[in-house]
Amino acid sequence: MIAPKSRNPQDVQLESRAVASGVLPPAALFDEEAKARGGVLLLDLSGDKRAAVEWAACHFPDASIRPVNKADLKWSSKREAVKRLRLGSAHTFAIFASDLEAQSAARALLLFGMLVAPRAVFGDRRGRVITRSRPAFLFIDVPKLALDLILGYLVLVPAVWVGIELLSVGLALRQVARASRRKNEPTSRRGRRILVLRATLAAAAAGGMSSHLEGFVRGCGELGHTMRLVISGAPQGGEPGESLRACSGVNQVSFIRPSAALSPTKAVFELWNNLVFTARAWRMARLRTKEDGDIDFIYQRYSRFNWTGVLLSITEGLPLALEYNGSEAWVSQRWDPVGQLHLLRRLERLNQRAADVIFAVSKVESDNLIKAGVDAGKIVVNPNGVDAEQFRPVEGSKVRKALGIGDEVVVGFLGTFGPWHGAPSLASAALQVSQTAGCHFLFIGDGDERARTEAIVQSGGGRVRARFLGRVPHSRIPDYLGACDILASPHMPATDGSEFFGSPTKLFEYMAVGRAIVASRLGQIAEVIVDEQNGLLVPPGDSAALAQAIERLARDAPLRTRLGAAARRTVQDKYTWRHNAARVIAEMERGRYLADRN
């Protein structure tokens with residue numbers, strides 16, 4: 001945490017436990033001073049640095065704890081990473097995850113830890129801990145890891161390829177059957193019944209993904225439709241389990257826990273869980289209740305290595321609406337490497353072919369689909385949205401007081417700190433904003449780019465007033481955004497020159513709370529935000545321009561009020577989740593695949 005004037009005692013305690021503010025610049029892990037300290041190296045896979053540090057402080061009370069930035073390991077040579085980490089002479093390599101039972105490549109991660117330190121400890125939020133010494137790992141884990149690799153790559157992967165071919169034949173037969181049916185005129189009626197699938201594994205379901213699911217469900221419920229939900233993962237407290245069950249129109253919510261029975265690598269883990277999720281979802285789909293009635297169509301968020309919607313569409317004769325947020329093959333190549341790229345591309349193409357309608361979140365992504373050979377006639381642009389009642393203008397004095405922030409102008413950022421979110425660009429801009437503007441920067445969220453962002457802020461030597469809050473429950477986000485005067489959306493273009501294809505949920509949340517926004521002139525952001533009318537736009541990656549816009553807003557309260565009010569009107573008119581759901585229902589009713597079922 002970084003807050004030169006007002007520091008929370010708990011923050012100070014955590015900082016001392018994690019060695020000088022909890023996140024060291026990566027190079028500091030490998031210098032001579034680090035070598036002399038020894039201690040514990042901590043790799044956080046949960047995406048919640050605070051929880052990881054607290055866990056490590058509890059399990060290693062007398063050791064210095066030095067975090068390892070996951071982002072630095074993602075693309076680097078593992079051999080070089082091991083060599084660099086061993087310079088720290090750590091006695092323990094500790095790994096913290098959300099759920100050990102659902103963690104991919106757990107034994108491979110333990111092997112990495114064994115190569116770095118004499119002992120590896122793997123724990124999770126639920127209190128489970130695995131401790132291994134090198135001899136124990138050799139006798140307990142190596143045989144199981146070898147067997148899993150054999151089963152994964154010599155049995156599972158070939159089986160998936162065969163499954164793709166069988167499903168392709170099924171798609172062809174489905175097309176023949178549909179062509180032989182009598183064509184009715186499209187009909188419209190109130191009360192569609194929808195089977196909603198989200199097979200994305202829980203580790204990837206953070207950020208806007210969860211709010212998108214709940215928002216779509218609430219929107220459908222408000223329009224009078226009913227739903228049965230089948231979701232990968234397990235409800236964590238009240239989010240998303242109880243909140244989804246409380247939505248109007250929801251008949252049933254079923255959670256399918258991921259299985260780590262076969263997980264030597266990330267790719268094998270995800271392929272295995274595709275089979276687990278598909279088998280259980282298929283059984284649930286067939287065991288319909290009286291309240292379900294006849295399902296009208298399937299709505300699924302496209303996810304990596306999954307074919308559940310494809311199979312159910314073929315076997316149950318149901319139309320498939322595919323929510324498409326971007327190519328997972330593209331993401332795997334540039335942001336989140338997973339392996340088995342050729343197989344991933346084939347499964348992606350299978351989903352595209354099987355879908356009756358593809359709801360792309362942006363015009364750019366629609367164009368990308370057309371370039372990939374998808375029929376333009378079955379693509380509909382459907383931007384993300386916001387619950388304008390949940391996210392509304394609120395007075396943020398309580399949050400500001402709790403954070404020790406006075407009458408400064410608070411500049412807020414919300415995100416999962418992905419490479420496209422631009423948090424480091426905002427940190428660089430913060431260094432360039434004049435101190436006389438009286439700004440206090442608030443970073444909400446966690447993720448790969450957080451360490452780099454904190455390091456940039458720290459390089460200012462305390463000149464920038466900032467706080468890094470980590471993850472905040474989604475239900476509390478409106479209060480934190482309400483505590484801000486300016487909200488930043490400094491999204492970045494892809495490094496390969498690809499157009500920005502996203503539809504940032506947080507942008508609509510920003511707009512709904514009625515605060516002034518400064519955002520990158522990029523993709524859909526530049527379509528939703530009209531410069532000088534409902535926000536300010538700056539060139540993406542231009543930290544100087546971003547700093548100038550922030551300083552301008554900080555010094556002009558009437559401008560902030562005018563832009564914030566206009567932003568809220570924009571989302572109320574066009575970009576609520578009810579609008580999003582209405583576009584889906586309208587398009588599915590226009591298609592004759594629904595008319596045939598009436």
Side-chain angles (χ1 to χ4, degrees), residues 159-160 162-178 181 192-201 205 213 216-217 220 225-233 244 250-259 270-325 328 346-359 378 584-585 587-589 591-598:
V160 172
V162 172
I164 291 172
E165 296 306 317
L166 292 175
L167 288 173
S168 297
V169 173
L171 285 178
L173 294 175
R174 186 189 71 171
Q175 291 301 111
V176 172
R178 285 185 175 180
R181 291 178 186 168
R192 292 293 181 181
R193 292 177 290 272
I194 311 164
L195 175 62
V196 179
L197 304 175
R198 194 191 72 187
T200 310
L201 294 170
L213 171 67
F216 173 76
V217 168
C220 286
H225 307 292
T226 58
M227 291 147 288
R228 185 173 186 180
L229 278 57
V230 182
I231 302 169
S232 176
L244 284 171
V250 174
N251 287 340
Q252 184 178 355
V253 182
S254 302
F255 286 92
I256 297 176
R257 279 191 63 82
S259 165
E270 294 191 15
L271 287 166
W272 167 246
N273 276 284
N274 164 48
L275 299 183
V276 170
F277 183 89
T278 301
R280 294 178 182 173
W282 181 77
R283 182 172 180 272
M284 290 175 184
R286 297 185 69 83
L287 296 176
R288 298 173 190 165
T289 66
K290 291 182 179 179
E291 290 78 12
D292 289 333
D294 291 327
I295 298 294
D296 285 299
F297 67 93
I298 300 166
Y299 181 88
Q300 178 172 5
R301 182 186 179 104
Y302 163 64
S303 58
R304 192 161 61 189
F305 290 125
N306 183 262
W307 60 29
T308 308
V310 179
L311 178 66
L312 289 178
S313 176
I314 294 170
T315 60
E316 303 301 301
L318 294 171
L320 174 61
L322 195 68
E323 176 196 316
Y324 195 83
N325 291 267
E328 289 292 350
R346 283 293 304 274
L347 279 165
E348 187 162 287
R349 182 60 182 145
L350 179 71
N351 277 269
Q352 292 166 356
R353 287 175 51 213
D356 293 280
V357 183
I358 300 177
F359 293 95
K378 69 175 185 178
V584 171
I585 300 299
E587 185 61 33
M588 296 305 289
E589 287 180 340
R592 296 189 176 188
Y593 25 83
L594 286 193
D596 288 343
R597 298 181 61 79
N598 289 328

- Task: Give the intermediate values and the outcome of side chain to side chain donor-acceptor pair (under 3.5 Å) for residues Y324 and Q352.
- Result: CA-CA 9 Å; Y324 195 83; Q352 292 166 356; 3.2 Å; yes

- Examine distances only and state if a side-chain atom of D356 and a backbone atom of L320 form a donor-acceptor pair shorter than 3.5 Å. yes

- Query: If you measure only the distance, is there a donor-acceptor pair under 3.5 Å linking the side chains of R301 and T200?
  - Reply: no

- Query: Between the side chains of N351 and Q300, is a donor N or O closer than 3.5 angstrom to an acceptor N or O?
  - Reply: no

- Message: Applying side chain to side chain contact (heavy atoms under 4.5 Å, CB included) to I295 and E316, what does each step give before you reach the verdict?
- Response: CA-CA 9 Å; I295 298 294; E316 303 301 301; over 6 Å; no

- Task: Taking ring pair (Phe, Tyr, Trp, His ring centres under 6.0 Å) as the test, write out the residues that go with F305, two or more places apart.
- Result: none

- Item | ring pair (Phe, Tyr, Trp, His ring centres under 6.0 Å) partners of F277, counting only residues at least two apart | none

- Query: Could R198 and E323 be called an ion pair, given the rule that one side-chain N must be under 4.0 Å from one carboxylate O?
  - Reply: no

- Taking every non-hydrogen atom, the tightest pair across P319 and D296: CD-O, 3.3 Å

- Task: Give, for atom SG of C220 and atom CD1 of I585, the distance between the pair rounded to the nearest 0.5 Å.
- Result: 4.5 Å

- Query: Any sub-3.5 Å donor-acceptor pair from K378's side-chain atoms to I358's backbone N or O?
  - Reply: no

- N274 and E270: side chain to side chain contact (heavy atoms under 4.5 Å, CB included), yes or no, with the steps? CA-CA 6 Å; N274 164 48; E270 294 191 15; over 6 Å; no

- Message: When you measure from the side chain of R228 to the backbone of M284, do you find a donor-acceptor pair of N or O atoms at a distance under 3.5 Å?
- Response: yes

- Hey, does V357 have a side-chain heavy atom less than 4.5 Å from the side chain of V584? no

- Query: Y299 vs F359 aromatic rings, parallel, tilted or perpendicular, using cut-offs 30° and 60°?
  - Reply: tilted

- Message: I'd like to know if the side chain of R304 and the backbone of L271 have a donor-acceptor N/O pair within less than 3.5 Å.
- Response: no

- Item | R353 CZ to L167 CG distance, which is reported to the nearest 0.5 Å | 9.5 Å

- Can you name the nearest heavy-atom pair linking S232 to A199, along with the distance? CB-O, 3.5 Å

- Task: Please answer whether the main-chain N or O of L311 pairs with a side-chain N or O of T315 as donor and acceptor at a distance below 3.5 Å.
- Result: yes

- Straight-line distance of I194 CD1 to T226 OG1, nearest 0.5 Å: 7.0 Å

- Query: CD1/I298 to CG/L195 distance, rounded to the nearest 0.5 angstrom?
  - Reply: 5.5 Å

- Query: Hey, is the main chain of E348 close enough, under 3.5 Å, to the side chain of E328 for a donor-acceptor pair?
  - Reply: no

- With sequence neighbours excluded, tell me which residues meet salt bridge (Lys or Arg N to Asp or Glu O under 4.0 Å) with R346. E165

- Task: May I ask you to decide if R192's main-chain N or O and H225's side chain share a donor-acceptor pair within less than 3.5 Å?
- Result: yes

- Message: Can you confirm whether Y302 sits close enough to N325 that some side-chain heavy atom of one is under 4.5 Å from a side-chain heavy atom of the other?
- Response: no

- Might you work through the side chain to side chain contact (heavy atoms under 4.5 Å, CB included) test for N273 and N306, ending with a clear yes or no? CA-CA 9 Å; N273 276 284; N306 183 262; over 6 Å; no

- Item | Passing option when I231 is tested against I256, L197, L244, V196 for side chain to side chain contact (heavy atoms under 4.5 Å, CB included) | L244

